[in-house]
Amino acid sequence: MHFALISKVLGLLLVVFSFTMMPPVAVSYFYQDGSEGPFLASFVISLLLGLVLWLPFFRHRAELQTRDGFLVVTLFWSVLGVIGGLPFLISADTPVGFTDAVFESVSGLTTTGASVLSGLDTLPKSILYYRQQLQWFGGMGVIVLAVAILPMLGIGGMQLYKAEIPGPMKDAKLTPRIAETAKALWYLYLFITVACASAYWLAGMSLFDAITHSFSTVATGGFSTHDQSMAYWDSAAIDWITTVFIIIGGTNFALHFAAIRGLSPLTFVRDPEFRFYIGMVFLYILLVTLGLLAFNVFQDADETLRHAAFQVASFSTGTGYTSTNAAAWPGFVPFLLIFTSFLGASAGSTGGGMKSVRGALVFHHSIRELRRLIYPNGAFALRFGRHTVNDRVLQAVWGFVGVYITIAVVFTLLFTVTGLDLTTAVSCVAASLNNLGVGIGGVAGGFADISPAAKWMMTLLMLLGRLEIFTLLVLFTPLFWKQ
């Protein structure tokens with residue numbers, strides 16, 4: 001384990017992160033909201049801490065190994081989660097304690113979108129901007145993590161995903177090639193964000209709202225500058241724009257890269273995970289639409305389809321925006337929406353959940369086992385797109401899914417111990433582990449009123465869900481620390 005190198009990398013990341021406190025300062029000066037102080041103080045604290053970690057080892061040269069990668073990734077999200085909460089903790093406009101400050105920060109950086117804040121419409125513009133910015137930078141970090149790092153660490157079946165990564169996305173270990181990957185992804189991410197902001201502005205949002213909501217839409221984060229979320233505008237145009245860009249954000253960004261580079265939309269059609277992901281989204285929309293029509297929730301079919309498509313896109317990708325009070329919808333519909341978040345979006349996207357690639361592999365493997373029951377002596381190869389999936393990948397996928405479900409069940413029981421009813425407990429697990437951010441039952445209106453113990457459990461689940469579980473769990477095994 002190269003602890004000197006890990007300290008150097010973490011210190012450098014903190015130094016870079018400290019400068020993200022400056023755009024909110026500029027926003028504060030522009031709108032004259034008088035809230036630049038907390039961001040300047042946070043800038044100094046995070047910069048000094050980063051320098052303390054970086055300076056003693058800045059001359060140290062070594063190559064990051066796989067074990068170093070696990071520790072760097074986990075520390076990166078954990079430490080930045082705490083540092084990112086400083087403005088909320090220091091600001092008089094957000095009277096929250098340490099627990100709530102860290103909760104809000106980790107929720108933003110992991111693109112979860114669960115919030116303990118209320119009265120958003122009256123908060124200073126700089127605070128509102130900072131929350132959205134947390135999600136945007138977190139979303140980019142999620143993509144680099146998913147596309148450039150996790151496949152190389154072999155997390156839960158991502159070996160297959162590594163084989164699918166095109167062009168400069170492919171490599172065999174943690175090398176400077178990641179910088180090349182990150183650069184290509186930044187350009188793509190920025191391009192999609194600008195396109196989303198432009199569409200919002202043309203549809204009637206103010207420039208501030210258009211920019212800030214493009215941050216959380218492309219990042220599939222779900223933070224908003226208004227308490228009513230997207231229902232604030234009650235606009236069909238804005239809802240459809242949001243739906244489209246959420247689905248884009250929930251798609252494998254390496255696939256976006258390949259399609260743009262090859263100037264071929266057929267790239268999406270040829271990808272088996274994308275077909276599964278979009279197929280499930282359309283199936284969910286059909287089921288929710290039929291449910292809403294059966295209960296006569298809306299007056300006409302157009303409005304029904306609009307809200308059904310919006311909420312399915314939002315829940316299934318772990319975004320967490322709301323266009324209406326979906327938690328109050330009758331019957332099975334709110335529960336179906338919650339459970340769509342467990343399957344989640346595509347691997348290599350900003351979305352949460354177990355990822356569609358794993359769901360697709362579990363489905364195909366189950367079909368193969370049914371065929372084996374009928375033809376015990378038959379030889380059935382499991383193909384995923386152009387690749388034959390070997391048993392090692394399937395074992396990793398089933399292992400991941402098993403651990404994921406076990407964690408969900410265990411934490412559901414732990415949440416009930418804190419006094420939450422079963423519906424609210426399941427909702428808390430989905431909101432955090434799936435990086436969904438919204439809930440039903442007792443947390444339909446937010447997470448401010450749950451106990452501190454429940455908030456810390458949710459914070460841990462946010463990190464577990466964002467780091468694909470094994471990245472964090474492996475640190476608690478004695479074998480990991482042996483030389």
### Task
Measure the spacing between CD1 of I211 and OG of S198 and express it to the nearest 0.5 Å.
9.0 Å
### Message
For a side-chain hydrogen bond (donor to acceptor under 3.5 Å, both in side chains) check, start with the C-alpha distance between N434 and Y404, then their side-chain angles and the critical distance, and finish with the verdict.
### Response
CA-CA 10 Å; N434 301 339; Y404 200 96; 2.5 Å; yes
### Evaluation steps, side-chain contact (heavy atoms from CB on, under 4.5 Å), between Y129 and K125
CA-CA 6 Å; Y129 174 86; K125 295 287 189 185; 6.0 Å; no
### Message
Run the side-chain contact (heavy atoms from CB on, under 4.5 Å) test on T251 and S349 for me, step by step, so that the C-alpha distance in whole Å, both residues' side-chain angles and the decisive distance to 0.1 Å come before the verdict.
### Response
CA-CA 5 Å; T251 301; S349 73; 5.7 Å; no
### Task
Step by step, work out the side-chain contact (heavy atoms from CB on, under 4.5 Å) result for I127 and D33.
CA-CA 10 Å; I127 294 288; D33 63 14; over 6 Å; no
### Query
Do F310 and H307 have ring centres separated by under 6.0 Å?
no
### Query
Out of curiosity, W136 CH2 to T111 OG1, how far, rounded to the nearest 0.5 Å?
14.0 Å
### Query
Hey, what do you get for CD (Q311) to CH2 (W329), rounding to the nearest 0.5 Å?
4.5 Å
Donor-acceptor pairs under 3.5 Å, side chain of residues 436-445 to any protein atom, not counting sequence neighbours: which ones?
none

### Task
Please confirm whether the backbone N or O of V96 pairs with a side-chain atom of T94, one donor and one acceptor, at under 3.5 Å?
no
### Query
Relative to each other, are the rings of F447 and F103 parallel, tilted or perpendicular (30° and 60° limits)?
tilted
### side-chain contact (heavy atoms from CB on, under 4.5 Å) assessment of M280 paired with L343
CA-CA 9 Å; M280 294 305 296; L343 179 58; 4.0 Å; yes
### Query
Taking all atoms of both residues into account, what is the closest heavy-atom pair of S126 and S28, and its distance?
CB-CB, 3.7 Å
Donor-acceptor list for residues 454-464 side chains, cut-off 3.5 Å, not counting sequence neighbours:
residue, atom, partner, partner atom, Å
K455, NZ, D100, OD1, 2.8
K455, NZ, A448, O, 3.0
W456, NE1, T99, OG1, 3.0
T459, OG1, K455, O, 2.8

### Message
Strictly distance-based, threshold 3.5 Å: is any side-chain N or O of S341 a donor or acceptor partner for the main-chain N or O of G352?
### Response
no
### From T304 atom OG1 to I285 atom CD1, the distance as rounded to the nearest 0.5 Å
13.0 Å
### Between F245 and Y200, ring centroids under 6.0 Å
no
### Near-ring test F88/Y130, centroid separation under 6.0 angstrom
yes
#### Entry: Verdict with reasoning, T225 to Y232, per side-chain hydrogen bond (donor to acceptor under 3.5 Å, both in side chains)
CA-CA 10 Å; T225 58; Y232 175 84; over 6 Å; no
### Message
Suppose the criterion is ring pair (Phe, Tyr, Trp, His ring centres under 6.0 Å): which pairs have a residue in residues 275-296, not counting sequence neighbours?
### Response
none
### Query
Is the number of heavy atoms from other residues, nucleotides or ligands within 6.0 Å of CG (D449) greater than 12?
no
### Task
Would you name the heavy atoms of L394 and R368 that are closest together and state the gap between them?
CD1-NH2, 3.9 Å
### Task
Look only at the side chain of E104 and the backbone of V116, and say whether a donor-acceptor pair between them is shorter than 3.5 Å.
yes
### Query
So which heavy atom on G222 is nearest to which on Q135, and how close?
N-OE1, 3.2 Å
### Short N-O contact, K355 and E273, less than 4.0 angstrom
no
### Query
In Å and rounded to the nearest 0.5 Å, what is the CD1 to CZ distance from I246 to F315?
10.5 Å
### Task
Decide if atom CH2 of W240 counts as having more than 12 heavy atoms of other residues, nucleotides or ligands within a radius under 6.0 Å.
yes
### Task
May I ask you to decide if L117's main-chain N or O and S115's side chain share a donor-acceptor pair within less than 3.5 Å?
yes
### Aromatic plane relationship, F415 with F411 - under 30° parallel, 30 to 60° tilted, over 60° perpendicular
tilted
### Task
Please work out whether the ring planes of W233 and H213 are parallel, tilted or perpendicular, with thresholds of 30° and 60°.
perpendicular
### Query
So, are R306 and D234 salt-bridged, with charged N and O less than 4.0 Å apart?
yes
### Message
Given 3.5 Å as the limit, does a donor-acceptor pair link the side chain of S427 with the main chain of T423, or not?
### Response
no
### Message
Ignoring hydrogens, what is the shortest heavy-atom contact between V269 and R275? Give both atom names and the distance.
### Response
O-NH1, 2.7 Å
#### Entry: T471 side chain vs E468 backbone, donor-acceptor pair below 3.5 Å
no
### Query
Which pair of heavy atoms, one from F332 and one from G291, lies closest together, and at what distance?
CZ-CA, 3.9 Å
#### Entry: S91 side-chain N/O to D93 backbone N/O, donor-acceptor pair under 3.5 Å
yes
### Task
Could you pull out the closest heavy-atom pair between S346 and N252, with the gap in Å?
CB-N, 3.5 Å
### Task
Give a yes or no on whether the backbone of Y29 and the side-chain of E36 come within a donor-acceptor separation of less than 3.5 Å.
no
### Message
Rounded to the nearest 0.5 Å, what separates atom CD1 in I241 from atom OG in S235?
### Response
7.5 Å
